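Notes follow once the structure below has been shown.
Since we're looking at a predicted model, the values are computed, not measured.
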Amino acid sequence: MGDHDIDFYESEDPIWNPALLTIPMPGIRKMVNLASTMEDVIHLSIGQPDLQAPPHVVEATVEALQAGQTGYTMDAGLPELLEALSDYYGERYARELTPDNILVTTGATEAIYLALTSTSSAGREFIIPDPAFMLYAPLVRMNGGTVKTIPTRAENNHQLDPQEVIDAIDMNTCAIVLNSPSNPTGTLYPRETIEAIVEEAAYRGVYVISDEVYDHLVYDDKTYPSVLSCCSDLDHVMVISSFSKTFSMAGMRIGWLIASQGAIKKLRRYHMFTTTVANTPCQWAGVAALRGDRSFVTNMLDVYTRRRDRVVELVDKTPYLEGYKPEGAFYLFPALPEGINGNNVALRLLKETGVCTIPGQTFGESCGNALRISYSTSIEQIEEAFRRMIPWMEKQDFE
């Protein structure tokens with residue numbers, strides 16, 4: 001960890017807003033920083049696609065730049081992209097959407113930031129599965145809200161019990177945050193789970209904020225059950241996605257938020273005060289991604305399916321790891337034996353074998369005995385990683 005990290009996280013300089021203390025030092029950064037000082041490291045840690053963005057998407061960006069498309073767009077986004085998104089989602093989920101239901105953001109991260117910070121305040125409670133992507137809880141807490149977690153387990157494929165979520169709703173519940181397929185577990189919630197939660201939330205006047213960035217990384221020919229296909233209207237939902245995972249456009253930073261027209265109006269004003277507008281040439285790339293050839297997505301699914309199947313087999317052969325078969329994204333979140341500190345295991349594994357994984361504690365409090373394994377890397381790298389990991393695990397004494 002560099003000195004600047006220590007300054008930020010441990011300094012008591014009175015200039016800083018105390019709310020910054022709710023932001024943890026990300027476990028991902030710790031591991032990747034340490035790995036960068038070492039040689040011959042294999043990363044099972046990276047949460048972004050390793051495939052190149054499709055050529056027609058890259059060309060559209062270059063063409064936009066050469067055509068002088070370097071100014072601001074409308075605050076809600078490029079009209080052509082809003083149109084393409086409303087057509088695309090309208091067709092995909094057979095529901096009426098207009099450009100006024102959509103706000104284009106700087107990646108899904110800004111969309112998540114807007115959704116959570118605009119609704120969180122003192123006394124408001126957010127129900128979040130545990131483990132979950134590490135952005136959600138700190139954003140709620142920074143704004144005075146509280147988090148109620150619903151733990152999930154590897155032995156149940158990290159599925160969420162909808163009844164547990166419904167039972168957790170009380171007078172203070174403001175919103176339920178869903179992420180399916182999930183980062184870090186790769187779990188896909190079935191339609192029944194989403195429908196039960198969305199229906200009860202609407203009845204109780206509770207928002208459902210659904211992070212759907214992995215909505216195209218769904219395996220085994222399953223139909224993706226989006227919140228958009230499970231709600232009768234958009235009055236109590238916000239759906240978030242982006243081009244980052246679907247078209248390997250992570251660094252191009254184009255995401256969006258879909259909600260009722262009233263909610264989008266409010267969020268547009270807030271968005272003007274955060275990032276003003278998203279990257280203009282990359283919004284044109286988004287138009288090309290949606291309107292052009294989509295065979296890239298099919299090919300990517302084939303590649304990831306092979307990797308997923310192999311990682312599942314290798315985890316099964318690894319002592320002390322309890323795996324399962326993820327149905328989406330490119331993560332597996334196997335459990336170590338109860339009571340084992342995943343932080344220590346991940347650190348020792350990196351230092352002694354050069355394999356970089358992410359400790360479970362990064363993603364929540366109920367999963368300190370887990371590791372996140374990302375398979376957004378080649379089969380060769382995956383094979384080599386487990387060639388090192390399996391003998392190392394065999395030597396441990398975790399009982």
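- A donor-acceptor pair is defined here as one N or O able to donate and one able to accept, closer than 3.5 Å; no such pair exists between the side chain of T185 and the backbone of F333.
- The distance from the CG atom of N343 to the CD1 atom of I358 is 10.5 Å, given to the nearest 0.5 Å.
- Taking each heavy atom of M134 and T362 in turn, the nearest pair found is CB-O, 3.4 Å.
- Side chains of T193 and Q159: no donor on one and acceptor on the other come within 3.5 Å.
- Between M393 and L336, the closest side-chain pair of non-hydrogen atoms falls below 4.5 Å.
- A donor-acceptor pair under 3.5 Å is absent between the side-chain atoms of R253 and the main chain of N279, judged by distance alone.
- Atom CG of residue L257 and atom CD1 of residue I112 lie 9.5 Å apart, to the nearest 0.5 angstrom.
- Hydrophobic clustering (side-chain heavy atoms under 4.5 Å, transitive across Ile, Leu, Val, Met, Phe, Trp, Tyr) groups L350 together with F398.
- Cluster membership for F386 and Y320, using ILVMFWY side-chain heavy atoms within less than 4.5 angstrom, is shared.
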Quick one: do T274 and E110 satisfy side-chain hydrogen bond (donor to acceptor under 3.5 Å, both in side chains)? Show the steps, please.
CA-CA 8 Å; T274 51; E110 189 207 350; 2.8 Å; yes

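- Contact annotation: the side chain of M389 approaches that of L44 to within less than 4.5 Å [non-hydrogen atoms, C-beta and beyond].
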Would E384 and R388 count as a salt bridge (charged side-chain N to carboxylate O under 4.0 Å, His left out) if you check the C-alpha gap in whole Å, the side-chain angles of each, and the deciding distance to 0.1 Å?
CA-CA 7 Å; E384 176 56 29; R388 299 177 188 188; 3.0 Å; yes

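- If you chain together hydrophobic residues whose side chains sit under 4.5 Å apart, W284 and M74 never meet in one group.
- With S180 contributing its side chain and S182 its backbone, the two residues share no donor-acceptor pair below 3.5 Å.
- Side chain to side chain, T117 and Y270 meet the donor-acceptor criterion of an N or O pair below 3.5 Å.
- Atom SG of C282 is separated from atom CE of M249 by 6.0 Å, given to the nearest 0.5 angstrom.
- To the nearest 0.5 Å, the span separating CG on L114 from OG1 on T109 amounts to 10.5 Å.
- Residue Y88 is grouped with residue I254 when hydrophobic side chains (ILVMFWY) are merged at heavy-atom distances under 4.5 angstrom, including chains of intermediate members.
- For the residue pair Y136/D211, the side-chain donor-acceptor check at 3.5 Å is satisfied.
- Between D75 and L103, the shortest heavy-atom distance links the atoms O-CD1, 3.9 Å.
- Here Y72 is tied into one hydrophobic group with V277, each link being a pair of ILVMFWY side chains closer than 4.5 Å.
- Counted by atom type alone, N183 and R372 present one or more donor-acceptor pairs between their side chains at under 3.5 Å.
- Around CD of E155, the count of heavy atoms belonging to other residues, nucleotides or ligands within 6.0 Å exceeds 12.
- Atom CG of N101 is separated from atom OG of S86 by 8.0 Å, given to the nearest 0.5 angstrom.
- With hydrogens and angles disregarded, a donor-acceptor distance shorter than 3.5 Å links the side chain of S374 to the backbone of I46.
- Crowding of E199 atom CD: a count of heavy atoms from other residues, nucleotides or ligands under 6.0 Å not exceeding 12.
- Taking the six-membered ring for Trp and the full ring otherwise, the centers of Y214 and Y331 sit less than 6.0 Å from each other.
- Note that CE of M300 is 8.0 Å distant from CZ of F330, once rounded to the nearest 0.5 Å.
- In this structure, S36 contributes its side chain and N33 its backbone to a donor-acceptor pair below 3.5 Å.
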Show the numbers, then the answer: is there a side-chain contact (heavy atoms from CB on, under 4.5 Å) between C174 and Y207?
CA-CA 6 Å; C174 169; Y207 252 94; 5.7 Å; no

Mind running side-chain contact (heavy atoms from CB on, under 4.5 Å) on E83 and R291 for me, showing each step along the way?
CA-CA 11 Å; E83 198 71 51; R291 300 277 194 216; 4.0 Å; yes

Applying side-chain contact (heavy atoms from CB on, under 4.5 Å) to L81 and L290, what does each step give before you reach the verdict?
CA-CA 9 Å; L81 179 55; L290 290 173; 4.1 Å; yes

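- In terms of the salt bridge (charged side-chain N to carboxylate O under 4.0 Å, His left out) criterion, D293 has no residue partners (sequence neighbours excluded).
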Could you please spell out the steps behind the side-chain contact (heavy atoms from CB on, under 4.5 Å) verdict for V312 and V315?
CA-CA 5 Å; V312 168; V315 165; over 6 Å; no

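- The hydrophobic cluster containing I264 does not contain M272, counting ILVMFWY residues as joined when their side-chain heavy atoms lie under 4.5 angstrom apart, directly or transitively.
- The aromatic rings of H158 and Y324 lie perpendicular to each other, with more than 60° between the two planes, well past the 30° mark.
- In this structure, E164 places its CD atom where more than 12 heavy-atom neighbours from other residues, nucleotides or ligands lie under 6.0 Å away.
- A side-chain donor-acceptor contact under 3.5 Å links Y219 to the backbone of A329.
- Contact annotation: the side chain of T119 never approaches that of N143 to less than 4.5 Å [non-hydrogen atoms, C-beta and beyond].
- More than 12 non-hydrogen atoms from other residues, nucleotides or ligands lie less than 6.0 angstrom from CE of M38.
- Residues R191 and T223 bring no donor and acceptor atom of their side chains to less than 3.5 Å of each other.
- Within 6.0 Å of the CD atom in E338, the count of heavy atoms belonging to other residues, nucleotides or ligands does not exceed 12.
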As a quick check of understanding, evaluate salt bridge (charged side-chain N to carboxylate O under 4.0 Å, His left out) for E383 and R310, giving each step before the final call.
CA-CA 8 Å; E383 297 282 2; R310 188 62 185 133; 2.6 Å; yes

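- Classification of the Y93-Y224 ring pair by plane angle, with boundaries at 30° and 60°, yields tilted.
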